[in-house]
Structure formats: structure tokens, C-alpha cells
Amino acid sequence: MTARSDRRYSTNNNPQQLLGSWFKKNNKYVLPPIVAIAFFAIVWQILCPPGSKGLPGPMQVIADTWDPYIINPFFDNGGTDKGLALQVFASLQRVAIGFSLSAIVGIALGIFIGVNDFVFRAVDPLFQVLRTIPPLAWLPISLAAFQQSNPSAIFVIFITAIWPILINTTVGVQNIPQDYRNVARVLRLKSHKYFLKIVLPASVPYIFTGLKIGIGLSWLAIVAAEMLVGGVGIGFFIWDAYNNSLLSQIIVALIYVGVVGLLLDRLVSFIGSLLVPQEHK
């Protein structure tokens with residue numbers, strides 16, 4: 001390889017040029033959010049100038065929380081005195097357990113109910129009543145049943161996320177095209193092959209719609225539940241900051257909550273894009 005080609009190779013792989021090239025290709029997606037965030041921050045700063053009472057402006061929030069909450073989100077001083085990243089991680093652990101349980105139970109029950117008309121007519125009124133109960137209304141019941149805060153919070157996640165998963169899975173199974181059913185009869189597919197070849201592929205789009213709704217509700221519910229059950233977690237962190245009138249910490253924590261919620265939504269959507277059959281997209 002010549003010196004000239006070496007220079008061209010190193011230039012084409014310059015990180016700044018790669019970043020600039022990526023930005024040019026994606027600026028129509030990246031630039032509008034940046035402009036919107038900047039505009040929001042400017043308006044917020046104008047409405048909440050330094051020294052004003054009430055809600056702090058963005059500059060004041062950064063000054064109040066820069067050390068340690070912004071530059072050191074992983075600090076751990078023991079007990080509940082932890083960085084925001086560790087607080088979020090503790091909440092995500094509860095969400096992962098509760099949401100996984102709701103996904104397993106919701107998908108299994110949804111398929112069973114969807115293929116059985118009698119069972120559907122029997123349980124649908126009950127499910128329609130239960131799904132309208134606010135998530136935090138289940139917290140006293142779970143505390144009385146489990147006698148511990150952590151299992152109680154996980155149960156609230158489970159009972160909150162299961163309904164959209166269960167209902168969407170049931171609808172997906174019930175809406176399997178009649179042509180698919182006819183083909184299964186002609187081919188005389190056995191039960192397990194009918195499930196793997198017909199039921200599951202046809203209902204996967206509905207299942208992931210329920211999972212996407214469920215993960216959002218799970219994240220909302222865990223933040224609210226942790227405000228009441230205490231312990232390490234982003235919800236309790238927000239509640240503790242409120243009790244101590246630390247508004248800047250609350251605002252930074254809310255930013256964490258929003259970003260993590262967005263990432264969870266995008267993660268489920270990405271997995272769904274990989275698993276949903278092309279003809280159903």
C-alpha cells in the first residue's frame with residue numbers, strides 16, 4: 001500500500017469525519033429534536049431566571065446537581081444515598097422481573113383464551129373490570145399479601161402490565177385470518193404445528209403491541225410505587241427530594257425517567273421489528 005493510499009485510508013476513518021458524515025445523513029432526524037430542546041430550554045430559562053422563587057431554571061438545575069448527580073451518577077455512599085444511574089438500575093431490576101412475569105403469563109393466557117370462545121366469554125367481563133383499577137390501588141393489597149416492599153412493587157408492575165399484553169394477545173389470536181385456519185384444516189396440522197405455524201406468527205404483531213404498551217405502563221407504575229414503598233429506586237429518590245424541597249434533583253431525576261422510558265419503548269419496538277413476520281408489518 002502506498003503512502004498516498006495510507007493517507008486516504010486514515011482520512012476516511014477519521015472519527016470527526018465519520019461523525020460529520022453520519023450527521024449529514026441523519027440531520028433531518030437529529031436536528032429537529034435538538035432545536036426543540038434548545039427552544040424549550042431558552043423559554044424555561046426566561047420564565048425562571050436566576051434568583052426567582054419557585055421552579056429553578058435550567059442553569060440553576062445544572063449548577064445545583066452538577067456534582068455529584070450529573071458528573072458522577074454511579075456514586076454509592078451506602079443506604080439510599082446513591083447516584084441516579086444506580087437508582088434507575090434498581091428500578092429497572094424490579095421492572096424486568098415484573099414485566100417478564102406479566103409477558104409470560106399474559107401471552108400464555110391470551111393464547112389460551114383466544115382459541116377458546118367459551119373461556120373468552122367467561123373471563124372477558126372480569127378482565128375488563130380488573131384492568132380499569134389504577135395500579136397504585138393494588139399496592140395495599142400486595143403489601144398485605146407479601147409483607148415486604150420489594151415483592152409488592154414487583155406485583156404492582158405485574159398487575160399493571162399484564163392487561164394490555166393479555167388483551168392484545170387474545171385479540172391477535174381471535175383475528176387469525178380464516179384462510180389460515182382453512183389451510184390448517186386441509187393440511188391436517190397437529191395442535192403443536194398449528195400453534196407454531198399459524199397461531200404464533202399471526203398473533204406476534206398484536207403481542208408486541210401489548211408488550212410495547214405494557215413496558216410503558218410498567219415504568220410509570222414502578223416510579224409511583226417506589227414513592228410509597230421506599231428503598232433504593234428512582235421513585236423514592238424523587239419523593240425524598242420533594243420532602244427535602246430539592247427541586248433541581250427532582251427535575252434531573254425526571255429527565256432520567258423520561259429518557260429511560262423512551263429507551264425501553266424503542267427497545268421493545270426494535271425487538272418487535274426483528275420478530276414480526278414481514279408480511280404482517
Side-chain angles (χ1 to χ4, degrees), residues 26 29-30 32-34 36-38 40-41 44 56 58 61-62 64-77 80-103 106 134-136 139 149-165 208-242 246-274:
N26 298 277
Y29 303 107
V30 176
I34 293 176
I37 293 173
F40 174 78
W44 178 14
V61 170
I62 293 174
D64 292 342
T65 60
W66 181 257
D67 187 13
Y69 293 104
I70 294 179
I71 63 171
N72 187 20
F74 293 95
F75 78 87
D76 187 353
N77 294 330
T80 60
D81 188 12
K82 302 179 186 296
L84 286 174
L86 296 181
Q87 302 281 2
V88 168
F89 181 70
S91 299
L92 285 175
Q93 287 180 305
R94 299 185 181 103
V95 169
I97 298 172
F99 179 73
S100 297
L101 291 174
S102 67
L136 290 185
L139 191 56
S149 60
N150 200 52
S152 300
I154 292 173
F155 175 78
V156 170
I157 295 300
F158 169 82
I159 203 67
T160 301
I162 192 173
W163 304 119
I165 299 172
F208 271 93
T209 298
L211 291 174
K212 188 174 181 179
I213 298 172
I215 193 65
L217 293 177
S218 297
W219 189 236
L220 292 175
I222 190 59
V223 172
E226 286 176 344
M227 289 183 178
L228 300 180
V229 300
V232 178
I234 193 66
F236 178 73
F237 177 88
I238 293 173
W239 185 247
D240 186 59
Y242 168 75
L246 301 173
L247 295 181
S248 294
Q249 292 185 16
I250 295 175
I251 293 171
V252 173
L254 291 179
I255 294 174
Y256 268 77
V257 170
V259 171
V260 172
L262 175 64
L263 293 177
L264 290 174
D265 179 85
R266 293 293 185 267
L267 177 61
V268 174
S269 297
F270 174 72
I271 296 174
S273 68
L274 298 178

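Predicted model, so just to flag it, every value in this text is computed and none were measured. Positions are given from 1 along the sequence.
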Using the ring centroid of each side chain, check whether W239 and Y242 are separated by less than 6.0 Å.
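Yes - the distance between ring centres of W239 and Y242 falls below the 6.0 Å cut-off.
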I'd like to check [X] versus [Y] (side-chain heavy atoms, cut-off strictly below 4.5 Å). Are they in contact?
{"X": "V156", "Y": "V229", "value": "no"}
{"X": "T80", "Y": "D240", "value": "no"}
{"X": "V259", "Y": "I255", "value": "yes"}

In Å, rounded to the nearest 0.5 Å, how long is the span from [atom1] of [X] to [atom2] of [Y]?
{"X": "I165", "Y": "K212", "atom1": "CD1", "atom2": "NZ", "value": "14.0 Å"}
{"X": "I71", "Y": "T65", "atom1": "CD1", "atom2": "OG1", "value": "10.0 Å"}
{"X": "L211", "Y": "S102", "atom1": "CG", "atom2": "OG", "value": "8.0 Å"}
{"X": "L86", "Y": "I234", "atom1": "CG", "atom2": "CD1", "value": "10.5 Å"}
{"X": "I162", "Y": "L217", "atom1": "CD1", "atom2": "CG", "value": "12.5 Å"}
{"X": "L254", "Y": "L247", "atom1": "CG", "atom2": "CG", "value": "10.5 Å"}

Has [X] got a side-chain atom pairing as donor or acceptor with [Y]'s backbone, closer than 3.5 angstrom?
{"X": "T160", "Y": "P135", "answer": "no"}
{"X": "W219", "Y": "V257", "answer": "yes"}
{"X": "W44", "Y": "P56", "answer": "yes"}
{"X": "W163", "Y": "I159", "answer": "yes"}

Side chain to side chain donor-acceptor pair (under 3.5 Å) partners of Q87, counting only residues at least two apart
none
Please report the shortest heavy-atom distance between [X] and [Y], naming the atom on each side.
{"X": "P164", "Y": "I213", "answer": "CB-CG2, 3.8 Å"}
{"X": "R94", "Y": "A153", "answer": "CD-CB, 4.1 Å"}
{"X": "G214", "Y": "F99", "answer": "C-CE1, 3.8 Å"}
{"X": "P68", "Y": "F75", "answer": "CG-CE2, 3.4 Å"}

Could I get the full list of salt bridge (Lys or Arg N to Asp or Glu O under 4.0 Å) partners for D67, not counting sequence neighbours?
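Checked D67 against salt bridge (Lys or Arg N to Asp or Glu O under 4.0 Å); zero matches.
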Does a sphere of radius 6.0 Å around CZ in F89 hold more than 12 heavy atoms from other residues, nucleotides or ligands, not counting ones at 6.0 Å or beyond?
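Open.
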Residues in side-chain contact (heavy atoms from CB on, under 4.5 Å) with I271, at least two apart?
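In terms of side-chain contact (heavy atoms from CB on, under 4.5 Å), with neighbours along the sequence ignored, I271 is linked to F208, L267, L275.
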Mind checking what makes side-chain contact (heavy atoms from CB on, under 4.5 Å) contact with I157, not counting sequence neighbours?
V95, S218, A221, I222
For S91 and V223, what are the C-alpha separation, side-chain angles and deciding distance, and is it a side-chain contact (heavy atoms from CB on, under 4.5 Å)?
CA-CA 8 Å; S91 299; V223 172; 5.9 Å; no
Partner residues of F237 under the ring-ring contact (aromatic ring centres under 6.0 Å, His included) criterion, sequence neighbours left out:
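ring-ring contact (aromatic ring centres under 6.0 Å, His included) list for F237, sorted by chain: Y69.
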Enumerate the side chain to side chain donor-acceptor pair (under 3.5 Å) contacts for residues 247-267, please, sequence neighbours excluded, ordered by first and then second residue.
D64-S248
